[in-house]
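Everything numeric in this text was worked out from a predicted model, so none of it was measured. Chain letters run A, B, ... following the sequence lines, proteins first, then strands; residues in each count from 1.
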Amino acid sequence: MNAGNRDAAYGWVKEREIRGSEVRDASDEYALLAVQGPTAVAALGLPNAPAFTHAMGEVYGIEVMICRTGYTGEAGVELMCPAEDAAELWDAIVAAGTTPCGLGARDTLRLEVCYPLHGNDITVDTDAISAGLGWTCALDKEFTGVAELRRIKEEGPVQRLAAFVMDEKAVPRQAMPIVGGGEVTSGTHSPMLDVGIGMGYVPSASAAPGTELVIDVRGRSKMAHVVKKPIYTKSN
Amino acid sequence: MAGEESYPEDLKYHAEHDWARIEGDEAVLGITWWAQDALGELVHFEAPAVGGSTVKDEAYGEVESVKAVSDVIAPLSGEILEVNEKASDEPESINDDPYGEGWLVRIRLTDPTEVNDLLDVDAYRAVVAEQ
């Protein structure tokens with residue numbers, strides 16, 4: 001389970017443990033290294049493979065699960081291995097010419113391509129339809145919360161998660177109010193566009209691309225406008 | 001990106017990591033090498049308005065990197081005569097040259113005796129050493 005949401009995710013599954021089964025949090029036994037970027041797959045000497053597939057394999061002699069996934073909007077892989085092999089795998093990958101980077105860099109990448117971050121853009125208080133994640137929900141099937149999702153879809157969400165770009169020099173940040181309703185759920189300075197970008201829930205009437213927004217940046221009103229997601233693609 | 005750590009001897013310093021270059025009854029203000037290094041690559045300088053004022057020990061602007069935003073503390077009180085447009089347009093110039101092209105504002109001092117409260121380079125280096 002993923003770092004920040006580990007306790008919540010484990011608790012949720014554990015509560016629903018089916019009789020005769022045992023839910024155990026094995027997170028500490030594994031490590032995940034994300035190697036991302038247009039040359040990531042080649043740098044690791046791996047063949048190309050379809051996105052969202054995974055397979056067991058060897059990277060620098062270490063057995064790993066090679067997942068064709070990531071949260072950067074770039075090509076690349078996520079490598080999962082037993083925790084005790086992680087340091088050796090790390091050293092081998094860095095020696096291959098990759099550049100280590102931290103969560104700040106990951107956050108600008110995922111926000112440029114509008115991947116929502118749990119705890120920011122989606123929380124236990126938000127729903128998939130308002131977040132623009134209805135495509136992940138098969139509403140013709142039965143699952144936890146489906147009735148509420150069907151209702152929101154039918155009535156239309158009151159708020160929508162909109163992406164925006166600043167028209168004035170300013171860096172929007174999480175929890176800054178959006179004048180007229182809503183607040184910024186993620187914000188940063190886009191290195192690719194060299195401008196402040198963000199996402200936030202706004203009244204549905206204000207969610208259309210081109211709509212002007214005013215962000216309250218520490219007491220100063222700064223103009224922004226809604227854009228179609230993703231905020232950045234390599235072609236623009 | 002930023003050059004080598006340096007603290008020019010001809011400047012006066014404030015413990016909040018700001019510098020002042022005194023020029024008669026005026027002063028040029030900026031942030032120190034340590035401050036820009038702590039913040040990382042700057043992406044925004046929220047500049048004050050020309051004609052406004054700075055108050056010693058109080059914020060007169062903000063500098064922001066991808067990860068953090070920080071108030072810029074005024075080492076001296078004064079009337080803001082000029083704002084460095086380059087620092088606004090290209091905030092990375094504050095990283096590249098914090099005492100030169102990356103200066104922030106020029107002020108006319110309203111209380112020149114405040115200069116006596118500022119740190120010389122050795123005293124400021126001692127502040128940095130404790131960080």
Side-chain angles (χ1 to χ4, degrees), chain A residues 3-4 36 71-73 99-115 117 119-120 164-177 183-199 214-224 231-232, chain B residues 1-2 16-18 29-31 35-55 57-74 80 82-98 101-105:
Chain A
Q36 303 276 297
Y71 222 59
T72 60
T99 304
C101 82
L103 272 181
R106 200 288 306 263
D107 200 50
T108 61
L109 287 162
R110 70 95 195 162
L111 188 50
E112 284 174 339
V113 290
C114 295
Y115 291 175
L117 185 65
N120 288 39
F164 61 85
V165 169
M166 300 306 299
D167 295 317
E168 292 186 77
K169 282 185 186 168
V171 184
R173 302 286 185 185
Q174 186 180 19
M176 286 180 178
E183 66 171 36
V184 176
T185 53
S186 285
T188 192
H189 175 87
S190 163
M192 295 308 294
L193 301 172
D194 195 22
V195 68
I197 61 170
M199 292 200 289
V214 178
I215 314 292
D216 180 343
V217 180
R218 290 181 294 280
R220 289 180 294 269
S221 292
K222 299 285 186 178
M223 296 299 300
I231 296 169
Y232 173 79
Chain B
M1 200 51 203
E16 291 291 335
H17 307 288
D18 308 282
L29 311 182
I31 65 170
Q36 66 77 33
D37 185 61
L39 284 159
E41 184 183 349
L42 294 171
V43 296
H44 183 59
F45 167 44
E46 183 72 31
V50 171
S53 56
T54 62
V55 178
D57 303 326
E58 293 187 12
Y60 68 87
E62 293 172 346
V63 283
E64 190 158 10
S65 65
V66 168
K67 288 184 187 174
V69 58
S70 177
D71 283 334
V72 183
I73 303 299
I80 297 170
E82 192 181 355
V83 168
N84 184 4
E85 297 291 335
K86 178 155 184 160
S88 285
D89 292 341
E90 299 168 35
E92 62 272 21
S93 63
I94 303 169
N95 297 109
D96 294 340
D97 190 7
E101 290 202 331
W103 64 277
L104 299 180
V105 298

Taking donor and acceptor roles from the modelled atom types, list the N and O pairs under 3.5 Å across chain A and chain B.
from	atom 1	to	atom 2	distance (Å)
A:Lys169	NZ	B:Ser88	O	3.2
A:Lys169	NZ	B:Asp89	OD1	2.8
A:Arg173	NE	B:Glu64	OE2	2.8
A:Arg173	NH1	B:Val66	O	2.7
A:Arg173	NH2	B:Glu64	OE2	2.9
A:Arg173	NH2	B:Ser65	O	2.7
A:Arg173	NH2	B:Val66	O	3.2
A:Arg218	NE	B:Glu62	OE1	3.1
A:Arg218	NE	B:Glu62	OE2	2.9
A:Arg218	NH2	B:Glu62	OE1	2.8
A:Arg218	NH2	B:Glu64	OE1	3.4
A:Arg220	NE	B:Glu46	OE2	3.2
A:Arg220	NH2	B:Glu62	OE1	2.6
A:Arg220	NH2	B:Glu62	OE2	3.3
A:Lys222	NZ	B:Glu46	OE1	3.4
A:Lys222	NZ	B:Glu46	OE2	3.1

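Looking at B:Ala68, only its backbone comes within 4.5 Å of chain A, counting heavy atoms on both sides.
You'll find the side chain of A:Val171 stays beyond 4.5 Å of the side chain of B:Val69, heavy atoms only.
When the side-chain contact (heavy atoms from CB on, under 4.5 Å) test is applied to A:Val113, the partners found at least two apart in sequence or on another chain are A:Tyr115, A:Pro230.
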